[in-house]
Undergrad: 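Next up is a structure, given as structure tokens.
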Amino acid sequence: MSARVLLILPLLICFAAAIAGLLFRRHLRPQRYITLGAMGSLFATSLYLLFQVHERGILVTQAGGWQAPFGITLVADHLSAIMVAVSAFVGLAVAIYALKDIDSGRIQLHFHPLFNILMTGICGAFLTGDLFNLYVWFEVLLIASFILMALGNERLQLEAALKYAAINLVGSTFFLVGLALIYGLTGTLNMADLAVRLPALGRPGLVTSVSMFFVVAFGIKAAIFPLFFWLPASYHTPPVSVSAIFSGLLTKVGVYALIRAFTLLFVDDVGYTHTLLLWLAALTMITGVLGAAAQHEFRRILSFHIISQIGYMIMGLALFTPLSLIGTVFYIVHHIIVKTNLFLVSGAAAHLSGTFELKGIGGLWRRQPLLSFLFIIPAFSLAGFPPLSGFWAKVVLVKAALAIDEYLIVAVALIVGLMTLFSMSKIWLQAFLPDPIVGDKPAAGNGGGMWVLLVPIALLVLGTLFISFNPRPLYLLAESSATELLNPQLYIEAVLGHE
């Protein structure tokens with residue numbers, strides 16, 4: 001299979017599924033099977049793409065035969081291919097979960113086409129080699145995610161969707177201003193071409209100033225401090241299938257964009273830009289975990305923990321060493337799987353109990369022991385409990401920080417890890433062990449169709465256990481990613497020298 005076909009195929013699969021879903025808009029069951037088939041095909045394709053990148057190196061194609069920097073460029077290096085593969089994996093799990101979670105009313109409101117458009121935008125953002133097209137894919141994500149969040153027209157959903165859209169439009173504005181400035185300076189928006197032209201300007205102070213627009217734009221998408229308030233105000237309101245895919249992937253698109261920008265484009269004044277990112281990482285970790293500690297609603301706790309865990313990923317980028325970037329890539333993969341899974345577990349718990357309030361759930365250990373076991377794995381992995389995947393990710397990041405004497409960020413990372421363990425223990429002690437407080441508990445669900453909810457949760461748990469007890473394959477892929485990120489000439493030559 002040629003590089004051209006292989007790079008375009010993830011986009012075509014998702015977009016074709018969205019169109020097919022619209023064609024079958026009056027038939028609910030075919031829409032479900034179309035999405036399942038699309039996510040299965042996307043996962044298989046993404047694994048093959050990752051294999052080809054690992055075997056052949058960076059893959060590039062130019063749309064319409066227009067050579068870079070003039071045409072639309074699609075690029076897959078190790079980081080891009082890893083992100084597409086893990087996105088497809090959680091997309092498949094959520095598609096299975098949605099068979100039970102998404103009601104017929106929301107399917108009639110085009111849940112499945114919107115879900116596939118969302119996945120198209122995610123794959124496009126990871127594979128594009130052009131800043132303007134990254135902006136376009138961000139807008140595709142914003143439109144699809146805004147509608148998915150509001151789907152059902154419940155009051156809380158509409159309020160959350162408006163907050164979500166408003167702050168993300170601010171981010172889009174900063175992104176556009178940054179694009180205008182950088183195009184005015186260089187006359188190009190192709191990322192490989194920018195990597196050549198920005199240092200040639202000989203004006204590092206000006207370039208660093210322009211980079212701050214991208215810190216804000218991508219920081220809003222990634223929910224870093226102090227730009228995260230939209231996330232805990234919105235992620236607990238839509239159906240669980242929606243909040244799960246959001247929690248796993250949307251903020252990681254922002255993290256990916258930050259990694260790409262501050263390893264390829266804005267590296268002339270690392271002492272300033274990456275020190276700033278390190279402080280933002282520390283504050284993101286602290287504020288996120290403190291917010292989680294104050295919550296008593298399942299999805300609100302998990303939403304705040306998205307923020308704190310983003311801090312670890314930015315920490316690795318900010319340290320800017322081979323080992324720290326390995327830790328960042330490892331952490332991203334671990335977190336996408338674990339966080340998606342915890343949201344799915346929260347939905348299964350609410351399906352059994354009729355509420356997301358911890359004290360109203362209660363007694364799940366006796367009522368559904370399998371779900372309880374399936375919660376323990378991702379929960380304690382998130383907290384970094386050995387020997388689970390989160391432990392290995394944090395060990396790599398802490399080791400990288402100690403190697404360059406960054407003791408303060410190590411202390412923050414360790415304290416936040418302990419507080420994450422406290423939050424996960426709180427969920428376990430209140431939702432799984434004791435009997436519910438009857439007066440606070442709404443009418444419980446009947447538990448019917450639980451197997452449909454448990455299958456994708458178990459699938460993601462298997463993914464976590466594989467990484468936990470066999471971390472070497474992911475570590476080696478992350479190592480290849482770090483090598484490419486720290487040697488941007490490899491990316492530049494692949495894109496600009498591609499025939």
Undergrad: So how far is it from Tyr256 OH to Leu249 CG, rounded to the nearest 0.5 Å?
TA: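 Spacing of OH (Tyr256) from CG (Leu249) equals 14.0 Å.
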
Undergrad: To the closest 0.5 Å, what do you measure between CG (Leu477) and CG (Leu79)?
TA: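 Going from the CG atom of Leu477 to the CG atom of Leu79 covers 11.0 Å.
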
Undergrad: For the backbone of Pro387 and the side chain of Trp392, can you confirm whether one donor and one acceptor N or O come within less than 3.5 Å of each other?
TA: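 Here the side-chain-to-backbone pair exists.
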
Undergrad: Measure the spacing between CG of Leu74 and OG1 of Thr128 and express it to the nearest 0.5 Å.
TA: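 Reported to 0.5 Å precision, the distance equals 6.5 Å.
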
Undergrad: Can you classify the ring geometry of Trp428 versus Phe432 as parallel (below 30°), tilted (30 to 60°) or perpendicular (above 60°)?
TA: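 Answer is parallel, since the angle falls under 30°.
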
Undergrad: If you draw a 6.0 Å radius around CZ in Phe174, do more than 12 non-hydrogen atoms from other residues or ligands fall strictly inside?
TA: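 At most 12 heavy atoms, drawn from other residues, nucleotides or ligands, come within 6.0 Å of this atom.
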
Undergrad: With distance as the sole criterion, is a donor-acceptor pair present between the side chains of Arg197 and Thr188 under 3.5 Å?
TA: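 No, Thr188 and Arg197 have no side-chain donor paired with an acceptor closer than 3.5 Å.
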
Undergrad: Just checking Phe380: does its CZ atom have more than 12 heavy atoms from other residues, nucleotides or ligands closer to it than 6.0 angstrom?
TA: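 Yes, CZ of Phe380 has more than 12 neighbouring heavy atoms, counting only those of other groups under 6.0 Å.
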
Undergrad: Go through it in stages, so that I can follow the logic: the residues are Arg260 and Asp77, the test is salt bridge (Lys or Arg N to Asp or Glu O under 4.0 Å), and I'd like the CA-CA distance, side-chain angles, deciding distance and then a yes or no.
TA: CA-CA 11 Å; Arg260 188 65 74 192; Asp77 59 1; 2.8 Å; yes

Undergrad: Indicate yes or no for a side-chain donor-acceptor contact from Thr284 to the backbone of Phe225 under 3.5 Å, with no hydrogens or angles considered.
TA: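 At least one qualifying donor-acceptor pair exists.
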
Undergrad: Would the Phe213 and Phe175 ring centres measure less than 6.0 Å apart?
TA: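 Between Phe175 and Phe213, which both carry aromatic rings, the centre distance is not below 6.0 Å.
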
Undergrad: So, Lys339 side chain and Leu302 main chain: donor-acceptor pair closer than 3.5 Å or not?
TA: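 Present.
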
Undergrad: Please report the C-alpha distance between Ser381 and Ser389 in whole Å, then the side-chain angles of each, then the deciding distance to 0.1 Å, and finally whether the side chain to side chain donor-acceptor pair (under 3.5 Å) criterion is met.
TA: CA-CA 6 Å; Ser381 180; Ser389 58; 2.8 Å; yes

Undergrad: Calculate, to the nearest 0.5 Å, the distance between atoms CD1 and CE belonging to Ile427 and Met424 respectively.
TA: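 So the gap between those two atoms works out to 4.0 Å.
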
Undergrad: Side chains of His78 and Ser481: any donor to acceptor distance under 3.5 Å?
TA: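 Not at all, the side chains of Ser481 and His78 share no donor-acceptor pair under 3.5 Å.
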
Undergrad: So how far is it from Leu344 CG to Tyr97 OH, rounded to the nearest 0.5 Å?
TA: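 With rounding to 0.5 Å, CG (Leu344) is 5.5 Å from OH (Tyr97).
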
Undergrad: Does atom CG of Leu47 have more than 12 heavy-atom neighbours, drawn from other residues, nucleotides or ligands, at distances under 6.0 Å?
TA: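 More than 12 within 6.0 Å, yes.
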
Undergrad: Given the side-chain rings of Phe356 and Phe298, with only the six-membered ring counted for Trp, is the space between their centroids under 6.0 Å?
TA: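 No; Phe298 has its ring centre 6.0 Å or more from that of Phe356.
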
Undergrad: Flag the pair Phe391 / Phe385 as yes when their ring centroid distance falls below 6.0 Å, and as no otherwise.
TA: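 Between Phe385 and Phe391, which both carry aromatic rings, the centre distance is not below 6.0 Å.
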
Undergrad: Do side-chain atoms of Asn487 reach the backbone of Thr483 as a donor and acceptor pair under 3.5 angstrom?
TA: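 A pair under 3.5 Å: yes.
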
Undergrad: Output yes when a side-chain donor or acceptor of Ser247 lies under 3.5 Å from a complementary backbone atom of Ala244, and no otherwise.
TA: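 At least one qualifying donor-acceptor pair exists.
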
Undergrad: Side chains of residues 305-321: which donor-acceptor partners sit under 3.5 Å, not counting sequence neighbours?
TA:
unit_1	atom_1	unit_2	atom_2	d
His305	ND1	Ser308	OG	3.4
His305	NE2	Ser423	OG	3.1
Ser308	OG	His305	O	3.1
Gln309	OE1	Tyr331	OH	2.2
Tyr312	OH	Ala413	O	2.6
Tyr312	OH	Gly417	N	3.2
Thr321	OG1	Ser324	N	3.1
Thr321	OG1	Ser324	OG	3.2

Undergrad: Do Ser145 and Tyr164 have a side chain donor and acceptor closer than 3.5 Å?
TA: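 Yes, a side-chain donor-acceptor pair sits under 3.5 Å.
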
Undergrad: Is a side-chain N or O of Thr464 found less than 3.5 angstrom from the main chain of Val338, in a donor-acceptor match?
TA: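 It does not hold such a pair.
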
Undergrad: Are the side chain of Arg4 and the backbone of Gln62 linked by a donor-acceptor contact shorter than 3.5 Å?
TA: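 Such a contact is found between Arg4 side chain and Gln62 backbone.
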
Undergrad: Roughly how far apart are Phe89 CZ and Leu42 CG, rounded to 0.5 Å?
TA: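 Interatomic distance, Phe89 CZ to Leu42 CG, rounded to 0.5 Å: 13.0 Å.
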
Undergrad: Does Ser243 reach the main-chain N or O of Val240 with its side chain, forming a donor-acceptor pair under 3.5 Å?
TA: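 Yes, Ser243 side chain to Val240 backbone: donor-acceptor pair under 3.5 Å.
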
Undergrad: Check for a donor-acceptor pair, side chain of Asn133 on one end and backbone N or O of Val136 on the other, with a separation under 3.5 Å.
TA: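 Not at all, since once roles are kept as given, no pair shorter than 3.5 Å links the two residues.
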
Undergrad: Looking just at side-chain N and O atoms, do Asn190 and Thr73 make a donor-acceptor pair shorter than 3.5 Å?
TA: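 Thr73 and Asn190 do have a side-chain donor-acceptor pair below 3.5 Å.
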
Undergrad: Do you see a donor-acceptor pair shorter than 3.5 Å between the side chains of Tyr407 and Asp405?
TA: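 On atom types as modelled, these side chains qualify, holding a pair under 3.5 Å.
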
